[in-house]
Engineer: 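Before I ask anything, let me first share the structure, which is written out below as structure tokens.
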2 protein chains.
Amino acid sequence: MTETQAKYQEVAGCLRNEIRHGGYTVGQQLPLEKELCEMYGVSRTTVKRAVDVLVAEGFVVKRRGAGTFVKALDRGIVQHLNQEKQFGGFTEYYAGYDIGTKVLHYAVVHPTEEVARLLMIEPDDFVYDISRLRLVSGKPIVVEYTQMPLKRIPELPKDVLNHSIYRYLENELGLRIQSAHRRLRAVMPTGEEKELLGIEGRMPLLEVTQTAFLADGLPFEYSISRHRGDKMVYRVVSIR
Amino acid sequence: MTETQAKYQEVAGCLRNEIRHGGYTVGQQLPLEKELCEMYGVSRTTVKRAVDVLVAEGFVVKRRGAGTFVKALDRGIVQHLNQEKQFGGFTEYYAGYDIGTKVLHYAVVHPTEEVARLLMIEPDDFVYDISRLRLVSGKPIVVEYTQMPLKRIPELPKDVLNHSIYRYLENELGLRIQSAHRRLRAVMPTGEEKELLGIEGRMPLLEVTQTAFLADGLPFEYSISRHRGDKMVYRVVSIR
DNA sequence: GAGTGGTCTAGACCACCCC
DNA sequence: GGGTGGTCTAGACCACTCG
């Protein structure tokens, strides 16, 4: 079953493929918006939206008065752009690999004041309190500390923790994850984390603190992920 | 001189202020798009664009069939959203603080093969090779290693290095910075970096590797910034 | 079923780049 | 000055949510 797509998504997809597979090469000017309208049989508004998708993904730049140009990107990087939606967290990020999970801790507790504030709940509400070690090909990669309000996730079977919580929320509970606010820092592992992650000597961790939101605008997750510094690179394309 | 703004920017600004200063509170539904059209005297397309700005900034969520809602965000976080454009680099990030710069190294060299590839130049082209220590209130915060092709930045007076290179490029050379592709990692400092950054004991660094692009789509900078882990937090809002 | 935001159109005018 | 992308409009139809 192929999803029905909006026209602008289809046009964006075509252009993306052309760029990726060399139809339009690095530094080259794209056809004018007017020409793209004719080529794809759509209005100019639709073409503009399509091209804006590629701008956001980092493939092209638009210059008023001049045209639209493929960014001068290294071929290797072109392939990686737009690969990682950075949602679905760990499971999606490492899709295709041999993923393992070890549940370290699973309880229901009251949140700290700070977490209650960030999750927009009361300190005497309850949250799931979960710690998991995630592995790729049997090797530990990241420790995740997750808190989710029972208020918003009424049910969370223990078995789910061994797989993707996000997938469960979306597929089983029908909840739609809308956005995430993240903060990244470099930290040192605790003694326990060194052991869990199999770190000998000195290795820093990339810590990602995340508040994630459902489609209704309410936060449903506060989590801290601490990744082995040698295994995690976080990519961002930022447009002016 | 107030800049002339697009209507959708103005409307977005109004809504942003309302949210920040409590006119619309957390979790609340915004007026319908049709109502906003009347309130601001603009077309629906313009309202949609305005609201889309706020979605991208992380303030609100839109739900087809339901409405637009202010995200349930902690007040402290609401204030910080959309503060940091993350361009202009260090100088803009710490605007208002007492900033210092110590130039460690300034030369013209050939790039490595990798850097040549990323900057889309030839290995026998030349690049500025700059190392700087940046300080806030006299305290060292970050070491920056920067390479820029002479091809694209024909002139770079030594004096500029003591201030903001970006500001020089924009204001003096009239170059417009369009986007940046970044990779973030956690690393340990070298012995030299420990000394430069005044680190005693174990402290990790947040490394930001950046390729930055001008408006013409050509890369003009490859840089590696290594920030004291206790001073740098990188924020991202990511939308599905 | 009523009402929401999502997509799309055709056309207009404007700001900017470049020759 | 000719041509680019940027903004804006008015109107149409659609997909989805919710009572």
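By convention in this document, chain letters (A, B, ...) are assigned in the order of the sequence lines, proteins followed by strands, and residues within each chain are numbered from 1.
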Engineer: Atom CZ of A:Arg176 to atom P of D:dA15: distance rounded to whole Å?
Structural biologist: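 Rounding to the nearest Å, CZ of A:Arg176 and P of D:dA15 are 17 Å apart.
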Engineer: Against the six-membered ring of A:Tyr8, is A:Arg49 placed for a cation-pi contact (under 6.0 Å from the centre, within 45° of the normal)?
Structural biologist: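 Yes, cation above the ring, under 6.0 Å and within 45°.
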Engineer: On DNA chain D, does the nearest nucleotide to A:Glu33 precede the nearest nucleotide to B:Val47 from the 5' side, or the other way round? Give the residue.
Structural biologist: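 Checking each residue's closest nucleotide, the 5'-ward one belongs to A:Glu33.
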Engineer: Rounded to whole angstroms, how far apart are CZ on B:Phe69 and P on C:dG5?
Structural biologist: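 So the two atoms are 8 Å apart, to the nearest Å.
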Engineer: Run A:His110 and A:Phe126 through ring-ring contact (aromatic ring centres under 6.0 Å, His included) and show every step you take.
Structural biologist: CA-CA 5 Å; A:His110 290 300; A:Phe126 286 103; 4.4 Å; yes
Engineer: Just checking B:Tyr234 against B:His227, ring centres under 6.0 Å apart?
Structural biologist: no
Engineer: Is B:Asp52 salt-bridged to B:Lys62, going by a charged N under 4.0 Å from an acidic O?
Structural biologist: yes
Engineer: May I have the distance from B:Tyr40 (atom OH) to D:dT9 (atom P), rounded to whole angstrom?
Structural biologist: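 Going from B:Tyr40 (OH) to D:dT9 (P), I get 14 Å.
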Engineer: Within the pair A:Arg63 and C:dC16, is there a side-chain N or O less than 4.0 Å away from OP1 or OP2?
Structural biologist: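 No, outside the criterion.
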Engineer: Taking atom types as modelled, is there a side-chain donor on A:Thr146 or A:Arg132 under 3.5 Å from an acceptor on the other?
Structural biologist: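 Per modelled atom types, A:Thr146 and A:Arg132 side chains form no pair under 3.5 Å.
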Engineer: Counting only side-chain N and O atoms of A:Tyr8, is one of them less than 4.0 Å from OP1 or OP2 of C:dC8?
Structural biologist: no
Engineer: What is the distance, to the nearest angstrom, from the CZ atom on B:Arg64 to the P atom on D:dC18?
Structural biologist: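 From B:Arg64 CZ to D:dC18 P: 13 Å.
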Engineer: Start at the 5' end of DNA chain C and walk down; is the nucleotide closest to A:Ser43 or to A:Ala66 reached first?
Structural biologist: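 First, find each residue's nearest nucleotide; the 5'-ward one identifies A:Ser43.
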Engineer: Rounded to the nearest Å, what distance is computed from the CG atom of residue B:Leu32 to the P atom of nucleotide C:dG3?
Structural biologist: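 Distance check: B:Leu32 CG to C:dG3 P gives 11 Å.
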Engineer: Under 4.0 Å between a side-chain N or O of B:Lys48 and OP1 or OP2 of C:dG5?
Structural biologist: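 Negative; the distance criterion is not met.
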Engineer: Tell me whether the side-chain N/O atoms of B:Lys62 come closer than 4.0 Å to OP1 or OP2 in C:dG6.
Structural biologist: yes
Engineer: Indicate whether OP1 or OP2 belonging to C:dT9 is found under 4.0 Å from a side-chain N or O atom of A:Thr46.
Structural biologist: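 A:Thr46 to C:dT9 OP1/OP2: side-chain N or O found under 4.0 Å.
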Engineer: Expressed as a whole number of angstroms, how long is the span from A:Gln9:CD to C:dT7:C1'?
Structural biologist: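 It works out to 11 Å between those atoms.
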Engineer: C:dG6 P sits how many Å from B:Arg49 CZ, rounded?
Structural biologist: 15 Å
Engineer: Ignoring backbone atoms, test whether A:Lys7 places a side-chain nitrogen or oxygen under 4.0 Å from the OP1 or OP2 oxygen of C:dT9.
Structural biologist: yes
Engineer: Given atom CG of B:Asp216 and atom P of D:dT4, what is their separation to the nearest angstrom?
Structural biologist: 19 Å
Engineer: Across the strands shown, which category fits A:Val42 at heavy-atom distances under 4.0 angstrom: base, sugar-phosphate, nothing?
Structural biologist: sugar-phosphate
Engineer: Given C:dT4, is OP1 or OP2 found less than 4.0 Å from the side-chain N or O atoms of B:Thr68?
Structural biologist: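 For B:Thr68, the contact criterion (side-chain N or O under 4.0 Å from OP1 or OP2 of C:dT4) is not met.
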Engineer: Under 3.5 Å, is there any donor-acceptor pair linking the side chain of A:Arg44 to the base of C:dG11?
Structural biologist: no
